[in-house]
Amino acid sequence: DAEYAERLVAASGKLVLLDKLLPSLRAQGHRVLLFSQFRMLLDLLEDYVAHRGFSHERLDGGVTGERRQAAIDRFCAPGSNTFLFLLGTKAGGGGLNP
């Protein structure tokens, strides 16, 4: 719910910054790659971006094969509306060039 998202943001200075930065970047037509070493942090970021209504893809060690390539293809497709890509550093970000 919305209260959860607000508490999540309030609990982290970095999320406070992201919460200010991401809407501005989206309004300017930018797209974002967010990297993390930790899957648990990606889980929290995914909750955050979903609550804020940002279209996103996620690639981490749990995403393999066809699902991995499909996520990359959706993000990199010409005219893609996907704003944000959450990436686990162990999964790698090779081939992503928004």
Non-hydrogen atoms of Arg67 and Gly62 that approach each other most closely: NH1-O, 4.0 Å
Test side-chain contact (heavy atoms from CB on, under 4.5 Å) applied to Leu17 - qualifying residues, sequence neighbours left out: none
Separation of Leu84 CG from Leu33 CG (nearest 0.5 Å): 8.0 Å
Heavy-atom pair with the smallest gap, counting every atom of Phe85 and Ile72: CE1-CA, 4.1 Å
Shortest non-hydrogen separation from Cys76 to Arg31 and the atoms involved: N-NH2, 4.3 Å
CG on Leu18 to OG on Ser12, rounded to 0.5 Å: 8.0 Å
Please table the atom pairs, donor to acceptor, closer than 3.5 Å between any side-chain atom in residues 4-11 and protein atoms at least two apart or in another chain.
{"from": "Tyr4", "atom 1": "OH", "to": "Asp47", "atom 2": "OD2", "distance (Å)": "3.1"}
{"from": "Glu6", "atom 1": "OE2", "to": "Arg52", "atom 2": "NH1", "distance (Å)": "3.0"}
{"from": "Glu6", "atom 1": "OE2", "to": "Arg52", "atom 2": "NH2", "distance (Å)": "3.0"}

Nearest-0.5 Å distance that lies between atom CD in Glu3 and atom NE2 in His51: 10.5 Å
side-chain contact (heavy atoms from CB on, under 4.5 Å) partners of Leu21, counting only residues at least two apart: Leu25
Separation of Leu59 CG from Gln69 CD (nearest 0.5 Å): 9.5 Å
Residues which pass side-chain hydrogen bond (donor to acceptor under 3.5 Å, both in side chains) with Ser24, listed by chain and number, not counting sequence neighbours: Gln28
side-chain contact (heavy atoms from CB on, under 4.5 Å) partners for Arg74, two or more places apart: Glu57, Ala70, Ala71
Value rounded to 0.5 Å, distance of OG1 in Thr82 from CZ in Phe75: 7.0 Å
Gap separating the NZ atom of Lys20 from the CG atom of Leu15, nearest 0.5 angstrom: 12.5 Å
Name every donor-acceptor pair, under 3.5 Å, that has one atom in a side chain of residues 38-45 and the other anywhere in the protein, sequence neighbours excluded.
{"from": "Asp43", "atom 1": "OD1", "to": "Arg58", "atom 2": "NH1", "distance (Å)": "2.8"}
{"from": "Asp43", "atom 1": "OD1", "to": "Arg58", "atom 2": "NH2", "distance (Å)": "2.9"}

Residues that Arg26 engages under side-chain contact (heavy atoms from CB on, under 4.5 Å), provided they are two or more places apart: Phe54, Phe83
